[in-house]
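Quantities reported herein were computed from a predicted structural model and do not represent experimental measurements.
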There are 2 protein chains.
Amino acid sequence: MRGRPTSLDIAYLAGVSQPTVSRALRGSPMVSEETRKRILAIAEQLNYKVDKNASGLRRQYAGTLALLLFEDPTADESHINPFFLPMLGSITRTCARHDRDLLVSFQQLSDDWHAEYGDSHKADGLILLGYGDYLAYEGKLAKLVERGTPFVRWGAVMPEQPGVSIGCDNFGGGRLAGAHLAALGYRRIAFLGDASEHYPEFLDRFAGCDAALREAGGEGLDRALQVDAESAEHCGYAAAVALLERGLPFEAVFAASDLIAIGAMQAFRERGLRIPGDVAVVGFDDIPAARIASPTLTTVVQDTIRAGELLVDALVRLIAREPVESVRMPASLVVRESTGGAPAPPVHGTGGQ
Amino acid sequence: MRGRPTSLDIAYLAGVSQPTVSRALRGSPMVSEETRKRILAIAEQLNYKVDKNASGLRRQYAGTLALLLFEDPTADESHINPFFLPMLGSITRTCARHDRDLLVSFQQLSDDWHAEYGDSHKADGLILLGYGDYLAYEGKLAKLVERGTPFVRWGAVMPEQPGVSIGCDNFGGGRLAGAHLAALGYRRIAFLGDASEHYPEFLDRFAGCDAALREAGGEGLDRALQVDAESAEHCGYAAAVALLERGLPFEAVFAASDLIAIGAMQAFRERGLRIPGDVAVVGFDDIPAARIASPTLTTVVQDTIRAGELLVDALVRLIAREPVESVRMPASLVVRESTGGAPAPPVHGTGGQ
DNA sequence: CTGAAAGCGCTTACAG
DNA sequence: CTGAAAGCGCTTACAG
């Protein structure tokens, strides 16, 4: 027995045929209890593991899911959006629960990832994460559908969309933000984020906030107070600067993401504006930095842990050719100092909650 | 031609034998230029990808590296140490450059990961990341070495250590922190972190700081001002509280990691202590939050991007049975507001640098 | 430069 | 309940 043991080695030691070993190991009911036990004991002792390549080849199946994370082209190469970190953790754990391995890869939206995976049996299906220009991306989704590659993506849930999406209720989240600001008496609210069909998530957040302001009897969001920004601190910083340069009055800012909000707060602070005294700020995502920023950031929370579970569960079902629906998850609001709605926490508030 | 095309389909269309297709695709020199071109064109057109299972089975090789990230048992389930995020990005990119896939898995230190991978041909080698009790872990490393499983780990580089490690010069980093504090006139410095052989990285940071203080003519670090803490915000918070309760005077804190530092700063702030006025703080890691915290945190920088490259390069060489040495990477210090050594940055300082 | 043959280690009908 | 046989799709000596 040279090197790694094979099922044949075990068969020899157990005095049975090799297929019987295979059956016993996979828990087939067509093996006697006694034989199974003997085989399992030997396998354990030899530290035998089924060869994934052989098994995958025979079963035409990889037992692996691929997670493709798209990097914002604007982000410097070391900075993945921290929003995805807990989701990544949740995805890996859910994969383990389903007995799948997880291949992780960072991609540019422009790459040929839609061909690279799936076609090579590297992975049985794809999980697509990341912000980016949706229109540049929709075509590739359609191509995946056409080829029958199972995939799920995190992002805006829209009608007529190729494939299955899991996303948060961005409109609802935006509405929570808008209602909160309206209740505090804010009327002229700026929006930092690319609110166009290129970024449907941001657009929905914009629309939700707009709706809440109107419901509160106001005018809604003013496009003159909207500045494009992708989800990165330096974009938020630049957007805030651009907003100030327009010279229009505003009392609060709703940032399309926490990274944008944090960059904007930095710009405001450097220009001597007090937060929330001169300008209130609301973000979106509740990344860890939202609690560390000064002032701490009021923001819309998405349940990233649950999201990771839903993504993997949906993909596993898709691979099994079961029907799967897109899911829009509820969002909630957490009020912190940046909108003046909460006093400084009396007890330790950074590690928990 | 049903479903996915195989090399046989291409052979048929190209009018050659199947092995010739295989040779052409892998760039063997034993194929005429003309034949190769014809084959490549057909493969391209059919969107052919080599089946990884078949190829891996035949070559006894996975083309895959496994990244095992150990979670701090104390961290809540969604919080991976953000320090590892840029490293993860760098690792995935370096893997792509080496034409390897990356399997990612989160493990408890107690799990049987040392058997799970490698033995099953899931991966050709392991990358081990994560903080945790080193002594609980050393035995498993020795077992990996014994089995001949190629692996590299991120962590303290020590003599007589099983396997290959890539780590930063923790002693040197601690010395930079100590020298900085000494130069500012601080003498009584507390250390927050588990400075024992269970956490050799923290111990080295402690020892480096101690050495610098002595070199500056002081007494070194006082164990009475050292409080155990693992790398998490709530641990740093608790450690700072415990430190204050001891009632001993101290002027500055060297935290074994940024997460500890940020938790500690929170505790100090809540008790009305000014930073750096009443207590200066230095961290270690330079996670993104270090720049967002208020005050911004002076800290020791590790080059995580380079670290990711070194880890993958080393593992690839190990797999090829080439000799590989452990590497200790230099650390540097970035001075920010928490030690009062730097004025508030005049320009935008959050996104770049 | 190319082809016929063997085999990587499994899983799964097919017999018994 | 168990075994003999075939085959998943490649790669690689071995001939020519």
Side-chain angles (χ1 to χ4, degrees), chain A residues 1-40 42-43 46-64 99 101 118-124, chain B residues 1-40 42-43 46-64 99 101 118-124:
Chain A
M1 198 184 325
R2 353 81 318 194
R4 255 161 49 79
T6 71
S7 56
L8 206 63
D9 297 320
I10 295 176
Y12 177 77
L13 291 171
V16 297
S17 73
Q18 181 269 328
T20 298
V21 173
S22 178
R23 290 189 190 102
L25 258 24
R26 340 195 69 249
S28 157
M30 318 188 304
V31 177
S32 77
E33 202 42 39
E34 188 214 10
T35 312
R36 180 200 315 290
K37 275 194 183 139
R38 188 152 32 95
I39 290 173
L40 289 183
I42 295 173
L46 260 56
N47 231 294
Y48 171 80
K49 299 280 178 229
V50 171
D51 184 301
K52 279 219 88 176
N53 286 323
S55 151
L57 173 60
R58 179 57 231 252
R59 300 171 68 194
Q60 298 292 78
Y61 156 97
T64 300
D99 219 22
D101 291 314
D119 279 349
S120 61
H121 270 194
K122 272 182 189 177
D124 303 311
Chain B
M1 198 183 327
R2 354 77 322 188
R4 254 161 48 79
T6 70
S7 56
L8 206 62
D9 297 320
I10 295 177
Y12 178 76
L13 291 171
V16 297
S17 73
Q18 180 269 328
T20 298
V21 173
S22 177
R23 291 190 189 101
L25 259 24
R26 342 195 67 249
S28 157
M30 318 189 304
V31 178
S32 77
E33 202 42 39
E34 188 212 11
T35 313
R36 179 199 316 289
K37 275 194 184 138
R38 187 151 34 95
I39 291 172
L40 289 183
I42 295 173
L46 259 55
N47 229 295
Y48 171 79
K49 300 278 178 229
V50 171
D51 184 301
K52 279 219 88 177
N53 285 322
S55 152
L57 174 57
R58 180 56 232 250
R59 301 171 69 194
Q60 298 292 77
Y61 155 97
T64 299
D99 219 22
D101 291 314
D119 279 349
S120 62
H121 270 194
K122 273 183 190 177
D124 303 311

Is Ser7(A) near enough to dC10(C) that one of its side-chain N or O atoms lies under 4.0 angstrom from OP1 or OP2? yes

Search all heavy atoms of Leu25(A) against all heavy atoms of Ile39(A) and return the closest pair with its distance. CD1-CG2, 3.9 Å

Between Thr35(A) and Ser32(A), which heavy-atom pair has the shortest distance, and what is it? OG1-OG, 2.5 Å

In terms of the nearest nucleotide of DNA chain C, which residue is placed more toward the 5' end: Gly15(B) or Gln60(B)? Gly15(B)

Does the side chain of Ser55(B) get closer than 4.0 angstrom to OP1 or OP2 of dC10(D) through an N or O atom? no

Locate the shortest heavy-atom distance separating Asn53(B) from Asp51(B); write the atom from each residue and the value. N-OD1, 2.8 Å

Return the nearest nucleotide to the side chain of Asp51(A); candidates are dA4(D), dT11(D), dC10(C). dC10(C)

Might you work through the side-chain contact (heavy atoms from CB on, under 4.5 Å) test for Ile10(A) and Leu46(A), ending with a clear yes or no? CA-CA 8 Å; Ile10(A) 295 176; Leu46(A) 260 56; 4.3 Å; yes

Whole angstroms only, please: what is the CG-P distance between Asp9(B) and dG9(D)? 9 Å

Got a sec, which residues hit side-chain contact (heavy atoms from CB on, under 4.5 Å) with Tyr61(B), two or more places apart in sequence or on another chain? Arg59(B), Arg100(B), Asp124(B)

Which heavy atom in Ser7(A) sits nearest to a heavy atom in Val21(A), and how many Å separate them? O-CG2, 3.8 Å

Considering only side-chain heavy atoms of Arg23(B), which listed nucleotide, dC10(C), dT11(D), dA4(C), is closest? dA4(C)

Minimum heavy-atom separation for Ala24(A) and Leu40(A), please, with both atom names. O-CD2, 4.4 Å

With sequence neighbours left out, write down each residue that passes side-chain contact (heavy atoms from CB on, under 4.5 Å) with Glu33(A), or none if nothing qualifies. Arg36(A), Lys37(A)

Could you work out which one of dC10(C), dT12(D), dT12(C) sits closest to the side chain of Ser22(B)? dT12(D)

For the pair made of OH in Tyr12(B) and C1' in dG3(C), what is the distance, rounded to whole Å? 18 Å

Rounded to whole Å, how long is the line connecting atom CG of Leu25(B) with atom P of dT11(D)? 8 Å

Please check the phosphate of dT12(D) (OP1 and OP2 only) for any side-chain N or O of Tyr61(B) closer than 4.0 Å. no

Look at the side-chain N and O atoms of Tyr48(B) and state whether any lies under 4.0 Å from the OP1 or OP2 oxygen of dC10(D). yes

Run the salt bridge (charged side-chain N to carboxylate O under 4.0 Å, His left out) test against Asp101(A) and tell me which residues pass, sequence neighbours left out. Lys52(A), Lys122(B)

Contacting residues from residues 29-39 of chain B, given that a heavy atom lies under 4.0 angstrom of DNA chain D: none

Using OP1 and OP2 only, check whether a side-chain N or O of Thr20(A) sits under 4.0 Å from dG3(D). yes

Could you pick out which residue, Arg26(B) or Arg58(A), lies toward the 5' side of DNA chain D when each is mapped onto its nearest nucleotide? Arg58(A)

For DNA chain D, what are the stems built from at least three Watson-Crick or G-U pairs in a row, each pair having both distances below 3.5 Å? C:1-3 with D:14-16, C:5-12 with D:5-12, C:14-16 with D:1-3

Name the closest nucleotide to the Arg59(A) side chain, picking from dT12(C), dG9(D), dG3(D). dT12(C)

In whole angstroms, the gap separating P of dA4(C) from CD of Gln18(B) amounts to 11 Å

Which residues pass the side-chain contact (heavy atoms from CB on, under 4.5 Å) test with Arg58(B), sequence neighbours left out? none

